[in-house]
Amino acid sequence: MTHVPDSHPRALSLRLRERLVQGLRLGITSEAGLIAHGRGEALDYLLGERTHDFAEQAIGVAAAFILLATHPVVSVNGNVAALAADALVALVERCPAIRLEVNLFHASDERERRIASHLARHGASNVLHPSEHPWEPLPRLEHNRQKMCRDGIAAADVVLVPLEDGDRCGALVASGRRVITIDLNPLSRTAQRAHVTIVDELTRALPRLHTQLASDQATARESLAERIERYDNALQLRRAVAVLRAGVSPS
Ligand code: PTJ
């Protein structure tokens, strides 16, 4: 593993890259995952590598959806597992109703099992994955992402699908579930189709979601429902696109 000193001006970014490279070596991240990460890096650079108000607004509503859900599930792919295993486990510790379910675009039973073990090593228990748990297909989807574990996404009313493919996001929305995503590209089909789009880098967004869940745990259900009612995802996406187009000054 390449040592990145704290003094390096791009230390944070390089360390995230290292996690992905390690993920590839451990057999949990796909080769295509490195390309997806590069695209995310470029967009994050243009956003000034910081969390904007449009993401904060979305995080507030994401927390409301999760806290009001009967059966919230977080879908974990190879990039998400490599980048954010600890943050996912912390989320479940904060909100034990959340289940983690492995769901991959690039089909591999072996990679599913490795991701589940990786999450378990970071403290997760009962991670669902279709290679070992009964699953049913999500209608309107023909590739590997159609798999929904019966005790997980198939039973879920709210799903968080970070770094997602647009057609699955659309199929989940069409299935009647509430869909939250984390995606640095406000123009992606996923971003445009989800009910709540957090336009932010995954490893910045998840700890913020954790904090929001903690501070909202005693918030009245009516207030959470009102927050959802007032929220306009299309507006927050337009704000994100405007920042990308205008550009931010480097910090
Ligand atoms: O492990 P698998 O087989 O399920 O594959 C996972 C990837 C991510 C490779 C697969 O889902 C894929 O190809 O995704 P896309 O279509 O490239 O979409 C990923 C989206 O996430 C893009 O819009 C990226 O800009 C965005 N993205 C990438 N890295 C980050 C990110 N958004 C937030 N934080 C990131 N770190």
Side-chain angles (χ1 to χ4, degrees), residues 12-52 54-55 58-59 62 74-85 87-88 100-116 118-119 127 129-131 138 141 143-148 153 159-172 179-194 196-209 237 240-241 244:
L12 268 179
S13 174
L14 292 178
R15 283 184 188 140
L16 287 190
R17 273 192 192 178
E18 275 301 308
R19 284 191 209 171
L20 261 295
V21 171
Q22 270 299 104
L24 190 66
R25 289 192 186 124
L26 291 171
I28 61 178
T29 305
S30 67
E31 281 106 335
L34 301 185
I35 300 168
H37 186 74
R39 180 159 51 162
E41 271 187 353
L43 288 159
D44 201 24
Y45 199 81
L46 293 173
L47 288 169
E49 296 174 315
R50 65 182 172 83
T51 302
H52 291 261
F54 48 75
I59 287 168
V74 179
S75 179
V76 183
N77 64 32
N79 284 45
V80 174
L83 287 171
L88 292 172
L100 300 179
E101 176 167 335
V102 181
N103 179 281
L104 302 181
F105 178 69
H106 304 92
S108 160
D109 286 358
E110 181 58 29
R111 200 152 62 85
E112 277 179 21
R113 279 193 283 271
R114 285 191 181 163
I115 290 173
H118 176 71
L119 293 171
V127 176
H129 55 104
S131 54
L138 173 63
L141 213 59
H143 56 71
N144 195 59
R145 280 215 195 278
Q146 67 173 290
K147 296 175 183 172
M148 304 189 288
I153 291 171
V159 279
L160 168 59
V161 288
L163 285 62
E164 186 52 75
D165 295 307
D167 54 354
R168 178 172 181 240
C169 180
L172 285 167
V179 181
I180 305 161
T181 191
I182 302 172
D183 190 335
L184 278 159
N185 184 1
L187 295 167
S188 75
R189 286 176 309 151
T190 296
Q192 297 284 332
R193 288 174 182 180
V196 183
T197 306
I198 302 169
V199 182
D200 198 12
E201 202 285 316
L202 177 78
T203 63
R204 280 198 309 270
L206 287 178
R208 283 182 154 79
L209 179 58
L237 288 171
V241 172
L244 278 175

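The residues of the chain are indexed from 1 along the displayed sequence. Indexing begins at 1, ligand by ligand and atom by atom, following the structure's order.
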Under 3.5 Å donor-acceptor, N103 side chain and S75 backbone = no
Between L16 and ligand 1, which part of the residue brings a heavy atom under 4.0 Å of the ligand: side chain, backbone, both or neither?
-> neither
Give a yes or no answer on whether the side chain of R111 reaches the backbone of H106 with a donor-acceptor pair at less than 3.5 Å.
-> yes
Of all the non-hydrogen atoms in the protein, which one sits nearest to atom 14 (O) of ligand 1, and at what distance?
-> D165 OD1, 3.8 Å
Please lay out, stage by stage, how D44 and R204 fare under the test salt bridge (Lys or Arg N to Asp or Glu O under 4.0 Å).
-> CA-CA 11 Å; D44 201 24; R204 280 198 309 270; 2.8 Å; yes
Any sub-3.5 Å donor-acceptor pair from H118's side-chain atoms to I28's backbone N or O?
-> no
In ligand 1, which numbered atoms sit nearer than 4.0 Å to a non-hydrogen atom of N185?
-> 23 (O)
Can we say E164 and R145 salt-bridge, meaning some charged N sits less than 4.0 Å from an Asp/Glu carboxylate O?
-> yes
Below 3.5 angstrom, do we get any N/O pair linking R39 and ligand 1?
-> yes
The answer for which part of R145 has a heavy atom under 4.0 Å from ligand 1 is side chain
Under 4.0 Å from any heavy atom of H106, which atoms of ligand 1 are there?
-> 2 (P), 3 (O), 5 (O)
Keeping the roles fixed (side chain from H52, backbone from A240), state whether a donor-acceptor pair exists under 3.5 Å.
-> no
Give a yes or no on whether E31 atom CD has more than 12 heavy-atom contacts from other residues, nucleotides or ligands under 6.0 Å away.
-> no
Within the side chain of E112, is there an N or O that forms a donor-acceptor pair under 3.5 Å with the backbone of S131?
-> yes
Short N/O distance, under 3.5 Å, between L104 and ligand 1?
-> no
N/O separation below 3.5 Å, S188 to ligand 1 = no
Nearest neighbour in protein (non-hydrogen) for atom 28 (C) of ligand 1 | A36 O, 3.3 Å
Do any N or O atoms from the side chain of T29 and from the backbone of N79 form a donor-acceptor pair under 3.5 angstrom?
-> no
Of all protein heavy atoms, the one nearest atom 7 (C) of ligand 1 is N79 OD1, 4.3 Å
For ligand 1, which atoms have a heavy atom of D200 less than 4.0 angstrom away?
-> 33 (C), 34 (N)
In terms of side-chain heavy atoms, does Q22 have a donor or acceptor partner in R25 at a distance below 3.5 Å?
-> yes
Considering heavy atoms of the protein only, find what lies nearest to atom 27 (N) of ligand 1 and give residue, atom and distance to 0.1 Å.
-> L163 CG, 3.8 Å
Quick check: does L184 get an N/O under 3.5 Å from an N/O on ligand 1?
-> yes
Side chains of D167 and H143: do they bring a donor and an acceptor to under 3.5 Å?
-> yes
Would you check the N or O atoms of L202, main chain and side chain alike, for any that come under 3.5 Å of an N or O of ligand 1?
-> yes
Any nitrogen or oxygen of E201, main chain or side chain, under 3.5 Å from a nitrogen or oxygen of ligand 1?
-> yes
Just checking, is any N or O donor in the side chain of D183 or S188 under 3.5 Å from an acceptor N or O on the other one?
-> yes
Can you pull out the closest protein heavy atom to atom 4 (O) of ligand 1? Residue, atom name and distance to 0.1 Å, please.
-> F105 N, 2.8 Å
What part of L83, side chain, backbone, both or neither, has a heavy atom within less than 4.0 angstrom of ligand 1?
-> side chain
With no hydrogens and no angle check, is any side-chain donor or acceptor of E101 less than 3.5 Å from a backbone partner on V76?
-> no
What residue and atom, counting heavy atoms only, is the protein's closest point to atom 25 (O) of ligand 1, and at what distance?
-> L43 CD1, 3.6 Å
Report the nearest protein non-hydrogen atom to atom 20 (C) of ligand 1: residue, atom name, distance rounded to 0.1 Å.
-> D183 OD1, 3.8 Å
Could you tell me which atoms of ligand 1, counted from 1 in the order shown, lie closer than 4.0 angstrom to a heavy atom of G78?
-> 1 (O)
What is the closest protein heavy atom to atom 9 (C) of ligand 1, and at what distance does it sit?
-> G33 CA, 3.6 Å
Nitrogen or oxygen of I182 less than 3.5 angstrom from that of ligand 1 = no
